[in-house]
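The structure appears right after this line, and notes come after that.
Here, residue 1 is the first one in the sequence, and each next residue gets the next number.
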Amino acid sequence: MPEDRLSSVPLGPVNPAAAGSASAGGTPAVQPGDAYGALRSLGATGHQLRAVVYAADRFLTLEAAEDHDTGAWLISCALDLAGDVTVELDSIARGWKQRPPEGALSKGLQALRTRAHQLHAAVRAADHFLDEESSDDGNTGSWLVACALGLAEKLAGEIEDFASRLKPAGNGGQATAAPSSQPAVAPMAGIRPFSPSSEQAGR
């Protein structure tokens, strides 16, 4: 499924139950400081998601059945993480709508939501095809994982960049632009956290 096709994915919540728990009148407004902290944490999850999809992509290129099974399991893990990121961004967006109009920031948040839903759709489709037995389905699943990897790379960086625009200045709490830096990623069992510098060195 090409990325332009994925852009048509509706921006409804991944978890309908979660959406139903907060009405338009009951969702508190998101303050810049609150959004900054939430997005910094979400950025760490985004890098973790990118690392899991990257590992899955590598394992799926290997020929052993055990390696293929490992890649398929990693995509199942990535599906959970992608759902978490999408639900969290939807929640932030619901609160953001309560704030006075801020065109550039609102458009940036909408772009993050679109990317997150694209990524979730790609990972979900890959997870489905990798569970099938035919070689055509397996090849389709592997191709979707490669697409998801590109989306995950973009999303992780875009969340960081957007969060940096909301960083409190310390002079009355007003948001100000700040240099982007990669958040620390909590290690997962059996998976080394992604490091852009180490990947570039290996290319």
Which heavy atom of [X] sits nearest to which heavy atom of [Y], and what is that distance?
X	Y	answer
Ala116	Thr86	O-OG1, 3.4 Å
Gly71	Ala56	O-CB, 3.6 Å
Val123	Ala148	CG2-CB, 3.8 Å
Val85	Leu42	CA-CD1, 3.9 Å
Ala93	Arg113	CB-CD, 3.3 Å
Asp57	Ser142	OD1-O, 4.5 Å

Any chance you could measure [X], atom [atom1], to [Y], atom [atom2], to the nearest 0.5 Å?
X	Y	atom1	atom2	value
Leu149	Lys154	CG	NZ	11.0 Å
Tyr54	Glu153	OH	CD	9.0 Å
Leu166	Asp161	CG	CG	11.5 Å
Arg124	Leu79	CZ	CG	8.0 Å
Gln48	Asp84	CD	CG	10.0 Å
Phe162	Leu39	CZ	CG	6.5 Å

Subject >> Residues that Asp127 engages under side chain to side chain donor-acceptor pair (under 3.5 Å), provided they are two or more places apart >> reply: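 Side chain to side chain donor-acceptor pair (under 3.5 Å) list for Asp127, sorted by chain: Ser76.
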Is there a side-chain contact between [X] and [Y], using heavy atoms and a 4.5 Å cut-off?
X	Y	answer
Asp90	His117	yes
Thr70	Leu60	no
Val145	Leu130	yes
Leu155	Gln118	no

Subject >> Residue pair Leu62, His68: steps toward the side-chain contact (heavy atoms from CB on, under 4.5 Å) verdict >> reply: CA-CA 7 Å; Leu62 303 177; His68 183 276; over 6 Å; no
By side-chain contact (heavy atoms from CB on, under 4.5 Å) - contacts of [X] (at least two apart):
X	result
Ala64	Glu66, Asp67
Ala152	Arg50, Leu119
Phe129	Asp137, Thr140, Leu144

Subject >> Over 12 non-hydrogen atoms of neighbours within 6.0 angstrom of CZ in Phe59 >> reply: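 No, CZ of Phe59 has 12 or fewer neighbouring heavy atoms, counting only those of other groups under 6.0 Å.
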**OP:** State whether the side chain of Ser41 and the backbone N or O of Ala38 hold a donor-acceptor pair below 3.5 Å, judged by distance alone.
**Re:**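 No; zero donor-acceptor contacts below 3.5 Å.
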**OP:** Not counting sequence neighbours, which residues clear salt bridge (charged side-chain N to carboxylate O under 4.0 Å, His left out) with Glu158? List them please.
**Re:**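 Only Arg115 meet the salt bridge (charged side-chain N to carboxylate O under 4.0 Å, His left out) criterion with Glu158.
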**OP:** Would you kindly say whether Glu160 and His47 are connected by a side-chain donor-acceptor distance under 3.5 Å?
**Re:**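 Note: Glu160 and His47 side chains meet the donor-acceptor criterion.
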